[in-house]
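When a ligand or atom number is given, it counts from 1 through the structure's own listing order. Here the structure is a predicted model, which means the values were calculated and not measured.
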Amino acid sequence: MDTIRKLKAAVIFGTRPDAVKMASLVKELKMNSSSIDTIVCVTAQHRQMLDQVLDIFNLVPGYDLDIMQERQSLEHITTKALEGMASVFEKERPDIVLVHGDTTTCFAASLAAFYKKIKVGHVEAGLRTFDKYYPFPEEINRRLAGVLADFHFAPTPLNKENLLREGVNEKSIYVTGNTVIDALKTTVREDYIFHDEKLRSIDFAGKRLIVVEAHRRENLGPPMENICKAVKAITERYEDTIAVYPVHLNPAVRETAWSILGDCPGVHLIDPIDVQDMHNLIDRSYMVMTDSGGLQEEAPALGKPVLVLRNETERPEAVEAGTVALAGTCMDGIIALASRLLESKDEYNRMARAVNPYGDGNASKRIVKAILYEFGLSNERPAEFRSQVR
Ligand code: UD1
């Protein structure tokens with residue numbers, strides 16, 4: 001590869017979780033400003049929820065496509081992000097475009113970069129459920145980004161194995177750990193005071209806290225109703241529990257959550273909270289029930305058991321480590337698993353162990369080292385993250 005003097009990197013994201021996971025990478029890129037110019041471009045596939053993260057991490061986007069619409073379709077997100085990114089890339093001509101994860105923003109930005117023959121680095125590459133429709137459309141978004149990517153930043157050794165099986169050149173894969181663990185290291189504190197006023201007003205004393213977060217497209221409708229009914233039943237059966245559910249701003253999610261849980265005394269429905277509040281809330285919890293991907297990575301690092309409200313997961317490492325269990329989306333199944341954790345101390349202690357299968361807090365450093373290496377600005381290929389599990 002030709003050696004170039006200074007590199008221009010465009011970092012792209014559009015949703016809340018991607019922003020959380022790209023924040024530490026942007027910081028690390030900026031710390032290498034003698035070798036790399038960094039521009040941040042957001043699609044704002046999410047608006048308010050993205051802005052919360054931008055504020056917390058002091059991220060100022062150079063470009064903001066502001067594409068979000070109420071009840072937006074996947075076609076809307078894809079076409080707006082594709083066209084918007086194309087004009088940004090045309091103007092800025094970055095050497096590398098860095099995308100994250102499995103969102104439609106990630107796929108559309110990778111495609112836009114490919115059309116301009118710009119190199120693509122895929123952060124959080126290689127996670128797979130091997131089921132085309134679960135999660136929908138994320139499994140295919142991630143696979144498509146993988147096909148378009150030149151460099152694959154795989155969080156775990158298992159993610160690398162998945163890519164190798166698909167014929168990806170081993171030299172282009174870097175096992176880095178997940179950048180979400182980088183973020184976690186900066187947010188959790190024992191003396192933390194919640195930003196959110198509603199959270200501050202909840203009396204947690206003597207209660208076992210269950211953090212609930214469910215929002216995924218494939219769970220909208222009956223699965224989401226089952227999840228909410230299960231949460232209701234659990235808090236009614238175990239009076240020493242309290243559930244806090246920061247409800248996603250998607251109107252379809254809000255309608256279901258409020259209609260089933262709005263009047264439950266043991267359940268606090270609140271608006272989405274910022275990432276510092278969320279990480280500290282998990283840290284103070286007894287357990288987490290979620291269909292979110294990020295929480296499946298964060299909670300095990302904080303030693304909290306997770307019930308995944310899905311039938312599969314692209315993050316099996318913590319399931320293998322025994323700290324995450326797949327609870328599915330049937331009411332009885334969710335209640336049964338939650339009851340075991342609430343009734344059996346042994347079962348609880350078995351799952352409530354801090355494990356670190358997803359990262360060691362140095363993922364962003366490894367990614368930047370890999371970029372410098374790939375573009376001939378360093379001779380040193382970064383050492384791989386070694387997971388405790390697999
Ligand atoms: C998206 C990602 C998903 C990720 C999730 C995290 C896709 C296809 N899905 O799903 O992988 O897990 O983000 O949250 O890329 N809304 C607001 N304000 C906000 C954010 C969302 O009002 O700040 C509403 C909008 O009405 C929007 C709806 O939420 O139509 C759904 O948002 P969208 O980005 O389409 O999908 P998510 O379910 O959030």
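- For the residue pair Lys91/Tyr63, the side-chain donor-acceptor check at 3.5 Å is satisfied.
- Scanning all protein heavy atoms for the shortest distance to atom 21 (C) of ligand 1 gives His46 CD2, 3.6 Å.
- When hydrogens are left out, the protein atom nearest atom 11 (O) of ligand 1 is Glu138 OE2, 2.6 Å; that is the closest non-hydrogen contact.
- Atoms of ligand 1 found under 4.0 Å from any heavy atom of Asp102 (numbered from 1 in listed order, with element): 11 (O).
- Here Leu74 has side-chain heavy atoms under 4.0 Å from ligand 1, and that is the only part of it that gets that close.
- A side-chain donor-acceptor contact under 3.5 Å links Thr104 and Asn141.
- Nearest protein heavy-atom neighbour of atom 33 (P) of ligand 1: Gln72 NE2, 3.3 Å.
- Under a 4.0 Å criterion applied to the non-hydrogen atoms of Arg217, ligand 1 contributes the atoms 33 (P), 35 (O), 36 (O).
- From the protein, the heavy atom lying nearest to atom 19 (C) of ligand 1 is Gln48 OE1, 3.3 Å.
- Using modelled atom types, one finds a donor on one side chain and an acceptor on the other under 3.5 Å when comparing Thr43 with Thr105.
- Atoms of ligand 1 found under 4.0 Å from any heavy atom of Ile77, numbered from 1 in the order shown, are 35 (O).
- Arg143 forms no cation-pi arrangement with Phe107, by the criterion of a distance under 6.0 Å to the ring centre and an angle within 45° of the ring axis.
- Every heavy atom of Arg16 sits 4.0 Å or more from the atoms of ligand 1.
- Proximity to Arg47 (heavy-atom distance under 4.0 Å) selects the following atoms of ligand 1: 19 (C), 23 (O).
- The closest side-chain donor-acceptor pair between Glu314 and Tyr134, if any, does not fall under 3.5 angstrom.
- If you look at Arg71 next to ligand 1, the close heavy atoms, those under 4.0 Å, all belong to the backbone.
- Scanning all protein heavy atoms for the shortest distance to atom 15 (O) of ligand 1 gives Gln45 NE2, 2.7 Å.
- When only modelled atom types and interatomic distance are considered, Thr179 and Asp182 share no side-chain donor-acceptor pair under 3.5 Å.
- Of all atoms in ligand 1, listed by their number and element, those nearer than 4.0 Å to a heavy atom of Pro137 are 8 (C).
- Residue contacts with ligand 1: Arg216 is placed with no nitrogen or oxygen under 3.5 Å of a nitrogen or oxygen of the ligand (distance criterion only).
- For atom 29 (O) of ligand 1, the nearest protein heavy atom (residue, atom name, distance) is Asn250 CA, 3.2 Å.
- Figure legend: Arg208 and Tyr348 shown without cation-pi pairing, the cationic atom not lying both under 6.0 angstrom from the six-membered ring centre and within 45 degrees of its axis.
- Using modelled atom types, one finds no donor on one side chain facing an acceptor on the other under 3.5 Å when comparing Arg216 with Asn219.
- The protein atom (non-hydrogen) at minimum distance from atom 4 (C) of ligand 1 is His215 NE2, 4.0 Å.
- When only modelled atom types and interatomic distance are considered, His215 and Glu213 share a side-chain donor-acceptor pair under 3.5 Å.
- Counting atoms of ligand 1 from 1 in the listed order, those under 4.0 Å from a heavy atom of Pro251 are 26 (O).
- For the residue pair Asn159 and Thr156, a side-chain donor N or O sits within less than 3.5 Å of a side-chain acceptor on the partner.
- Note on ligand 1: Val253 sits outside its first shell, no heavy atom being nearer than 4.0 Å.
- Neither the backbone nor the side chain of Pro135 has a heavy atom within less than 4.0 Å of ligand 1.
- Side chain to side chain, Tyr192 and Asp277 meet the donor-acceptor criterion of an N or O pair below 3.5 Å.
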